[in-house]
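Heads up, the thing below is written out as structure tokens.
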Amino acid sequence: MRWMNKPISSLLHNCENLKSLKSIHARLLIDGSIFFSDVFLNKILRLYANFGALDHARKLFEKISQPNSFLWTALIHGHVENCLYDDSLLIFRLMLKQSVQPLSFTLLSVLKASARQSRIRDGESIYSLVLKYGLESDPMVQNAVIDMYSRCGEVDIARQVFDGMFGNMGVARALFEQMSVRDSASWNVMVSGYLDAGDLAAASSLFDEMPKQDVGSWNVMISGFCKAGKMNSARELFERMPLRNVASWTMMVDGYIRNGDMKNARCIFDQMPKRNLVSWSTIIAGYAKNGQPNLALDLFNQFKETGIEPDETFILAIISTCSQLGVLDIAKGIISEYVQDIHLYSMQLVTSLIDMHAKCGSVDEALQVFNEASTKDLVCYSTMIAALANHGRGRDAINLFYDMLQSDIKPDGVVFIGVLSACTHGGLINEGKIVFKMMVEDFSIKPSERHYACLVDLLGRAGYLEEAYELIQSMSIEPHSAVWGALLAACRIHRNANLAEVAARHLFKIEPENSGNYILLSNVYADLERWDDVAKVRSMIREQKVRKTRGSSWIELDCVVHEFVMGDMSHFDSSIIYSVLDLLFEDVKNFGCSIYYPTDDAERWI
DNA sequence: ATAGGGTTAG
């Protein structure tokens, strides 16, 4: 009956999407499992993984009575490729438990997983397996080991734990020198390791030593210089390289984006001879990250005309753009078009959905997505906690934080910012202090400027201005604008001119161009009817040539975003908008409220 | 081997 095999294998070979794969799989089930050779099973497993349908892959795998090494490896590799690193390591442990011997490719995959997670302990135990099975001479495995070390080398904690034994480039270099066969990848990996470790000089000299530099070598160098923020050097390499591919171009775009230089990023992007999905997601995510989500959305509309099929990463960038704009309708349109069953997608995507719902105003929908998610990691919890905090549900946020600790997830600095802000929004002063203490003492997390700003805000709002000021003075790091800003804002609320002056003096030194600080101080004086001082601040603004920060607002209507600045007359329907606004002001006045009427005259602000 | 992705105060 072997002749039956041919059509199936060609069917599988030409299978291009999840739907057709499912139908092939279903047909095979009906035809009878006799045709399920290990080779076909392997192919189906890999295809499910390619389409991101890991749960299908797992279901299929569970039905196999005695999976061989290749099937285990396919499942593990599929998880790694879909960034489900923890799961891949879990499956790997299961494989060892059942005494199935790993292949060198298996070890390669799990090495990558532990490298990506900076899990040096796992990496180390996998390396001991490499030695046990005598695979250490395989150049591919060696590259993965070097990659694992150099990637983990970025993690300070790992460095401390292993006390220089691991995570240093010395180990990687020694392995490199020992290698019997060095291909171009080995060289590139070494260069990239030095770059990750911040040793640009060593990377450059190794790059010069290379017997032959291919596009990859140049790209490794450019990517390193971009990450180090040395854009001039990166640009120089880019101009000098004999042959550029899409990755080279995209990397330059990304490099400028990382440095907040959207002008040059866009310039390179516009010059690209060829753009692919990665190029598009880079520039779109770049605009979103650099506070220009409107431009991101414009580019998304341009992207749609290219006919390129978006992938999960791309969708992620768009969803996070929508979160920033708060444009729920557009986001929902995108989700209904591209995201069918959230269980099929990565935790990152689920997290961005939670954030999106919360930022677009619906905590309940965010909670629904959160509760539906089968597994949750630290970032997922952090997002949900911050969402609850921003919606004033401080108590719920704190409860969720304790749930998280109960499920043995170790908190980091970010989640504590969420918890502290939950305390602030909920007026939970004591809890805030307890949480801060817990962070420092129980989890040995060094409080950052942001943590201090949260705590100052918490104390200040509650009226404990002196305590807040003492906290600032006790800080182990130099207090920056956010910390003094929180104190100044609290002084405004509680009309404390003395401390406001202290805070303002620091702020004027740190950010003399920020108009908000002058306005806040002047407001404190105005509340106390100290008009002479108000005049003094006003003249300071004139002398300092303070830049006026222009605020804008926007609204989404039928999936179109309309943006407005103060005194804006550019909108097509401006006259109607303003006449409605006038009516609204009349109404409010008739209710007996005094209102602030926006004008172009900045003096009116004070 | 080399390019894009989730959470962070006021």
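Per chain, numbering begins at 1; letters A, B, ... match sequence-line order. None of these values were measured; they are calculated from a predicted model.
Scanning atom types as modelled, no donor and acceptor separated by under 3.5 angstrom connect the side chain of A:Thr282 and the base of B:dG4. Residue side chain A:Asp377 reaches the base of B:dG6 through a donor-acceptor N/O pair under 3.5 Å, judged by distance alone. Judged by atom type and distance alone, A:Ser352 does not reach the base of B:dG6 through any side-chain donor-acceptor pair under 3.5 Å. Between the side chain of A:Ser382 and the base of B:dT7, a donor-acceptor pair under 3.5 Å is found. Residue-to-nucleotide contacts include a donor-acceptor pair under 3.5 Å from the side chain of A:Asn276 to the base of B:dA3.
At a threshold of 4.5 Å between non-hydrogen side-chain atoms, the residues A:Tyr452 and A:Ile472 do not count as touching.
Here the P atom of nucleotide B:dT2 and the CE atom of A:Met251 are 10 Å apart, to the nearest Å. Between A:Ile318 atom CD1 and B:dG5 atom P there is a gap of 13 Å when expressed in whole angstrom units. When the C1' atom of B:dA9 is taken as reference, atom CG of A:Leu388 falls 17 Å away, rounded to whole Å.
In this model, the phosphate group of B:dA9 is not approached by any side-chain N or O of A:His480 to a distance below 4.0 Å at OP1 or OP2. A:Lys289 has no side-chain polar atom (N or O) that falls below the 4.0 Å cut-off from OP1 or OP2 of B:dG4. Under 4.0 angstrom from either OP1 or OP2 of B:dT8 there lies at least one side-chain N or O belonging to A:Lys359. Under 4.0 angstrom from either OP1 or OP2 of B:dA9 there lies no side-chain N or O belonging to A:Arg461.
Listed by chain and number, the residues in a side-chain hydrogen bond (donor to acceptor under 3.5 Å, both in side chains) with A:Glu239 are A:Arg235 (sequence neighbours excluded).
Relative to the six-membered ring of A:Phe370, A:Lys376 meets both conditions, a distance below 6.0 Å and an angle of at most 45° to the axis.
Aromatic pair A:Phe207/A:Trp218: ring centres closer than 6.0 Å.
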